[in-house]
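Here the structure comes first, spelled out in structure tokens, and everything after it is commentary.
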Amino acid sequence: MSRSVQLDRVGMTFGTTRAVSDVTFTVEDGEFFSILGPSGCGKTTLLRIVAGFLRPTEGTVLIGGRDMAGLAPNRRPTAMIFQSLALFPLMSVRENIAFGLEARGVGKAERSRKADELLDVVALGGFGDRKPGELSGGQRQRVAIARALAVEPDVLLLDEPLSALDLKLRQHMRAELRALQKRTGVTFIYITHDQGEALAMSDRVAVMSAGVVEQIGAPQDLYANPQTPFVAGFVGETNRIAGRVAALAGGIATVDTGLGPMRGRAGPGLAEGQAVKLYVRPEALTPGTGGENSLAARVERVDFEGAFALAHGRLADGEEMIASIPATRLADAPGIGTEAAFHFDTDHAVVLADA
Amino acid sequence: MRDLVQRFGGSLTTVFVALVLLWMVGMVLAPNLLMIDYALRPNLPPAQIGGPNDHYSLANFTYLAGEATHRAIFFKTIWASAIVTFVTLVVCYPLAFWLAQRATPAQAGLAILGLVIPFWINEVLRTLAWYILLAFRGPLNAVLLALGLISEPVRWAGDGGVLAAMTYAYILFMLFPIYNSMESLEAAQIEAARDLGAKSWRIHWRVVIPHAKAGIATGCVFTFMLAAGSYIAPSLLGSPGSRWFTEIIYNWFFEGGDWNRGAAYALVLLVLCLAVVLATLKLARVNLADVTK
């Protein structure tokens, strides 16, 4: 049976607020799909529409090819993991996990057995008699996952479930979620505002802004080939250099910038003379002269981050510039206060029309 | 105590402590001790008070035990108060749930205002309003007759009238504790339960009621106490067949002129109410500290 999720021109209006408009995409069977966007971009609304808590004002949602219109959350093959987890504090961990089975009329012995099995799956064997309040954040997280998996959903919906955890635990849970998803084969739709989370875990990511899906793609693809200025700026750090298109040839745009001509891969819908920005990732900027494109900046400070150092500089046009220098190449880092040269490959820059 | 002195200084603390003591001794301890004293003495003409016949005995209590009508009214009062409590709970629970979990702030504000406004009017007048509504030739019978639901007027006064008036009178005492306890329930828990496949009744039984238990127990305790101690509703809306124990107590004091027997009756009612309250709290596994919140 297919566990795909299809959204077709889904839109949602609250009163006069347009929360989601014209969203169309298909999540494949067994895919780890993330929806990434800043808070208020409509991603949680979209998830709640898939779960059945909200009825979209237009469009259709199909799960496994079946139209979900008019089906309440308790009658959909989905299970949701809430941002607050929403564990039942007065029930034991075992009762929490068995709740969905209880609602389906499964006998006490059977659901107890199943709950204990799931506790082992999430590595919490022996914790069944505790109350959620007696567990740590990461353990509660895993109880919530086990509770959702207990009803054997086709699609698991996760609403920023890691946001309350500290950094180390979050990174650990990322790997765990990913492994769990591969093991169970359940389709995951994961909501987050944390681009690192989305890039690290997902098969594909949809980037949302102001109720609209800006771009859908594999993490590497989104990072290397942003198609809109929003995606370029939201997914990862980037430097922006403003200018106008001077020439277009073979997918390469030459841009007249205040710092001289520079070249990068042309984004969609460019025309000569158009106002554009050239986007270059900090790690694409290498200290030193030469290379395909070069620019100069006055280095204001260098922040050592461990694996790399970030050199913050100011370009001749007054804009800020950030270059990332690997820790192994720290000897190349320019001195603070000096006028330093950087260069980048044409292939590592993207030229996008101004929105 | 030391905290108080540090915060308010010696003189202000003395005032506070004196006020609390005055309250405890003057308003709680003394009247109750006096009532116990009265209940244990025989009713004597003034000349014989302090004389050889004025000795402690349980005669006033054994009189109640031996008097079949009073005994029956006593148990009926307890039973009927339990029914009032139950009906009030049934009315208030959905209302409290709607207010706490479903209503928009504007709707909730309006509904609460609507519920509170009648309570600005004296309780006697509110009960009198029910007296008029439920009268034999009153509006309720007129409406039901006009709708063809009944063929002749119904005599509502009696058990039904008392139940209606009391439920109405104590609605807020039930509503607010439940509302308070339900308001702190995270809405996502209800959604999670629904998402996991639970139907409404199971969501209430497994998630909402356990969470609101302290509030429900508190509301029940308030309502039961008020109902058992009520005088106005049964005396205005009752019939001879629906007399309340408080009316018998009143009669001993003001009609029979036997304060001692009245005190004994009142004491029995007090003790029984206390027992019911403690049993309820025990049953709901709620302690007194939760109730006073």
Side-chain angles (χ1 to χ4, degrees), chain A residues 14-15 44 47-48 50-54 71-92 95-106 111 115 118 131-133 140 143-153 155-161 164, chain B residues 93 96-98 100-108 110 177-220 280-287 289-291 293:
Chain A
F14 296 107
T44 297
L47 196 74
R48 292 173 68 81
V50 176
F53 290 114
L54 291 174
L71 280 185
N74 50 347
R75 300 182 54 208
R76 296 190 177 200
T78 57
M80 180 139 161
I81 296 180
F82 292 81
Q83 189 166 17
S84 66
L85 303 185
L87 295 177
F88 308 123
L90 301 171
M91 295 183 203
S92 70
E95 282 179 292
N96 261 284
I97 297 174
F99 185 83
L101 301 172
E102 183 190 324
R104 280 161 178 71
V106 176
R111 57 181 199 250
L118 278 160
K131 289 279 168 63
R140 277 204 293 275
V143 174
I145 293 168
R147 185 178 70 173
L149 288 177
V151 300
E152 296 178 359
V155 181
L156 198 62
L157 308 171
L158 303 100
D159 184 9
E160 307 212 27
Chain B
Y93 181 89
F97 182 74
W98 178 77
Q101 293 287 337
R102 293 277 177 269
T104 63
Q107 287 171 332
L110 209 65
I178 302 182
Y179 168 68
N180 269 337
S181 62
M182 277 185 184
E183 215 186 11
S184 60
L185 177 65
E186 185 201 357
Q189 279 189 34
I190 297 173
E191 290 188 337
R194 175 158 309 280
D195 190 55
L196 289 167
K199 295 197 176 69
S200 291
W201 69 266
R202 191 185 298 277
I203 295 173
H204 282 277
W205 183 245
R206 296 284 277 146
V207 179
V208 183
I209 293 177
H211 180 88
K213 201 176 60 181
I216 293 171
T218 307
C220 287
T280 309
L281 295 184
K282 185 100 185 157
L283 225 81
R285 296 201 192 84
V286 176
N287 57 36
D290 289 333
V291 173
K293 276 182 212 158

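The basis for the numbers below is simple: all heavy atoms, side chains too, and nothing from hydrogens, waters or symmetry mates. A note on names: the letters A, B, ... follow the listed sequences, proteins ahead of strands, and every chain is numbered from 1. Computed from a predicted structure; not experimentally measured.
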Query raised in the report: Where does A:Glu102 contact chain B at under 4.5 Å (heavy atoms): side chain, backbone, both or neither?
Result: both
Report summary line: Of the listed A:Arg75, A:Arg76, A:Arg147, the one with the largest count of heavy-atom pairs under 4.5 Å with chain B is A:Arg147
Requested in this report: Report yes or no: does A:Asn74 contribute a side-chain atom to a donor-acceptor pair with the main-chain N or O of B:Arg194 at less than 3.5 Å?
Outcome: no
Report task. State, to 0.1 Å, how close B:Gly197 and A:Arg104 come at their nearest heavy-atom pair, and which atoms those are. Result -> CA-NH1, 4.1 Å
Query - Interchain contact, B:Glu186 with chain A, by part (heavy-atom threshold 4.5 Å) - result: side chain
Requested in this report: Select one option (side chain, backbone, both, neither) describing which atoms of A:Phe88 are under 4.5 Å from chain B's heavy atoms.
Outcome: both
Report task. For B:Leu196 and A:Ala148, work out which heavy atoms get closest and say how close. Result -> CD2-CA, 4.4 Å
Report task. Below 4.5 Å from any heavy atom of chain A, which atoms of B:Ala193 appear? Answer side chain, backbone, both or neither. Result -> both
Query raised in the report: Given the rule in the side-chain contact (heavy atoms from CB on, under 4.5 Å) test, do B:Asp195 and A:Thr78 qualify, once you have shown the distances and angles that lead to the verdict?
Result: CA-CA 8 Å; B:Asp195 190 55; A:Thr78 57; 4.2 Å; yes
Query raised in the report: Side chain, backbone, both or neither: which part of A:Leu101 has a non-hydrogen atom closer than 4.5 Å to chain B?
Result: neither
Query raised in the report: When rounded to the nearest 0.5 angstrom, what is the spacing between CG in A:Leu90 and NZ in B:Lys213?
Result: 7.5 Å
Query raised in the report: Taking all non-hydrogen atoms of both residues, which atom of B:Glu191 and which atom of A:Phe53 are closest, and how far apart?
Result: O-CZ, 3.3 Å
**Report entry** Largest heavy-atom contact set with chain B, pairs under 4.5 Å, which of A:Gly100, A:Ala51, A:Ala72
**Finding:** A:Gly100
